[in-house]
Q: 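Starting off with a structure, shown below.
Starting from 1, each residue takes its place in the sequence as its number.
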Amino acid sequence: MPAFNLKLPPPFEDAVKSMEREIMRFLMRSTGDRDDAMDLFQETWLRAYRAYPTLRSEDGLRPWIFRIASNLCRNRARDRMRRGRVISHESADCESVERRAPHHLNGGPETALHLKRSIARLPGKQGQALMMRKFAGFEYAEIGAALNCSAESARASVYQALKKLRLEE
């Protein structure tokens with residue numbers, strides 16, 4: 001019988017400890033809302049706990065957890081769009097003024113806020129792939145595994161996201 005070098009995943013508690021901050025940062029960036037991020041954080045780990053016995057290798061742990069988190073973010077965004085949030089004329093006017101304001105503000109809080117809003121307007125996979133690549137330091141293969149696509153598709157999503165952000169400048 002051949003010997004396999006398959007590393008079993010660590011105990012669940014160790015997995016949580018090793019990735020909880022990274023997952024929370026990802027969810028905060030994805031949702032832009034602390035309460036939503038907290039809800040999704042708990043749901044991510046609950047779903048991971050339930051399915052953890054099916055995970056066969058330590059190698060796929062990180063992308064697997066991020067796939068759960070990104071799917072939950074996508075579902076939350078889709079649910080919100082279905083409900084069709086009502087936006088008052090005042091807030092719509094404020095948003096249009098903000099969009100016309102200069103975006104080159106020397107890297108201050110205004111620039112960070114503009115970047116956050118720009119990323120939020122990107123289509124689902126593009127925004128998530130960009131955040132995983134630029135903010136979480138994922139490799140394209142990991143992004144592909146997390147978003148359930150190929151590494152090439154992940155690379156294309158990041159490229160398209162960056163292209164759209166540059167066009168906004």
Side-chain angles (χ1 to χ4, degrees), residues 15-16 18-45 47-48 55 58-85 87 91-92 94-169:
V16 172
S18 71
M19 287 187 287
E20 66 184 346
R21 286 185 178 178
E22 189 176 16
I23 293 293
M24 188 61 188
R25 277 193 307 270
F26 172 74
L27 292 169
M28 281 293 296
R29 286 187 180 121
S30 296
T31 64
D33 181 82
R34 183 169 173 69
D35 292 333
D36 278 352
M38 287 300 293
D39 288 346
L40 294 175
F41 180 81
Q42 291 174 1
E43 184 66 23
T44 297
W45 290 111
R47 289 185 184 199
L55 190 62
E58 180 182 11
D59 298 335
L61 178 63
R62 189 170 181 243
W64 180 71
I65 296 289
F66 270 88
R67 181 182 308 137
I68 293 169
S70 64
N71 286 343
L72 288 170
C73 287
R74 202 172 312 133
N75 292 346
R76 174 79 47 110
R78 189 174 27 241
D79 291 346
R80 287 221 164 116
M81 292 204 42
R82 278 190 200 133
R83 282 188 228 131
R85 298 176 114 181
I87 300 174
S91 65
C94 288
E95 284 179 13
S96 68
V97 168
E98 287 172 359
R99 273 190 234 124
R100 285 179 277 161
H103 301 305
H104 305 288
L105 300 170
N106 298 327
E110 295 86 6
T111 303
L113 188 58
H114 170 69
L115 179 61
K116 182 178 175 182
R117 288 182 180 143
S118 296
I119 291 173
R121 285 192 295 267
L122 291 170
K125 275 192 180 180
Q126 288 179 8
Q128 290 175 335
L130 179 68
M131 286 192 300
M132 287 180 191
R133 179 70 179 169
K134 298 299 179 183
F135 298 114
F138 271 45
E139 297 297 324
Y140 291 113
E142 292 176 305
I143 296 168
L147 297 179
N148 209 20
C149 63
S150 68
E152 292 78 20
S153 179
R155 182 185 307 270
S157 291
V158 171
Y159 172 78
Q160 290 298 323
L162 289 171
K163 186 175 174 182
K164 287 178 183 175
L165 291 178
R166 285 186 191 113
L167 290 174
E168 275 191 20
E169 289 182 353

Q: Can you give me the closest heavy-atom contact between Phe41 and Glu20, atom names plus distance?
A: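 For Phe41 versus Glu20, the nearest heavy atoms are CE1-O, 3.3 Å.
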Q: To the nearest 0.5 Å, tell me how far Leu40 CG sits from Asp35 CG.
A: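 It comes to 11.0 Å.
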Q: Which pair of non-hydrogen atoms, one from Ala154 and one from Tyr140, has the smallest distance, and what is that distance?
A: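 Ala154 and Tyr140 have their closest heavy atoms at CB-O, 3.6 Å.
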Q: In Å, rounded to the nearest 0.5 Å, how long is the span from NZ of Lys163 to CG of Leu122?
A: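 Output value for this atom pair is 13.5 Å.
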Q: Can you name the closest pair of heavy atoms from Arg34 and Met24 and give their distance?
A: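 Closest approach of Arg34 to Met24: NH1-CE, 4.3 Å.
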Q: What's the separation between atom CE in Met38 and atom CE in Met28, rounded to the nearest 0.5 Å?
A: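 So the gap between those two atoms works out to 10.0 Å.
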Q: May I ask you to test the Arg166-Leu162 pair for a side-chain heavy-atom distance under 4.5 Å?
A: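 Heavy-atom side-chain distance check passes, below 4.5 Å.
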Q: Please round to the nearest 0.5 Å and tell me the distance separating atom CD of Gln126 and atom CZ of Arg121.
A: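 Here the rounded value is 13.5 Å.
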Q: Quick one: pull up OG in Ser18 and CG in Leu61 and give me the separation to the nearest 0.5 Å.
A: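 With rounding to 0.5 Å, OG (Ser18) is 6.5 Å from CG (Leu61).
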Q: Counting C-beta onward and ignoring hydrogens, is there a side-chain heavy-atom pair between Leu130 and Leu165 closer than 4.5 Å?
A: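 Heavy-atom side-chain distance check passes, below 4.5 Å.
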Q: Are Thr31 and Arg76 close enough that some pair of their side-chain heavy atoms sits under 4.5 Å apart?
A: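 When only atoms from C-beta onward are counted, Arg76 and Thr31 do not touch, as no gap falls below 4.5 Å.
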Q: Can you give me the closest heavy-atom contact between Ile65 and Thr44, atom names plus distance?
A: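 Closest heavy-atom pair between Ile65 and Thr44: O-CG2, 4.1 Å.
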Q: Restricting to pairs with a member in residues 63-72, which pass side chain to side chain donor-acceptor pair (under 3.5 Å), not counting sequence neighbours?
A: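 As it turns out, the side chain to side chain donor-acceptor pair (under 3.5 Å) pairs with a partner in residues 63-72, which skip direct neighbours, are Asn71-Arg74.
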Q: Closest heavy-atom contact between Met131 and Phe26?
A: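 Nearest pair, atom of Met131 first, then Phe26: CE-CE1, 4.4 Å.
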Q: Are side-chain heavy atoms of Tyr159 and Arg133 found at a separation under 4.5 Å?
A: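 No - every pair of side-chain heavy atoms lies 4.5 Å or more apart.
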Q: Can you see which heavy atom on Ser157 is nearest to which on Ala129, and at what distance?
A: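 Here Ser157 and Ala129 meet closest at CB-CB, 3.8 Å.
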Q: Who are the salt bridge (charged side-chain N to carboxylate O under 4.0 Å, His left out) partners of Glu22, not counting sequence neighbours?
A: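 So Glu22 forms a salt bridge (charged side-chain N to carboxylate O under 4.0 Å, His left out) with Arg62.
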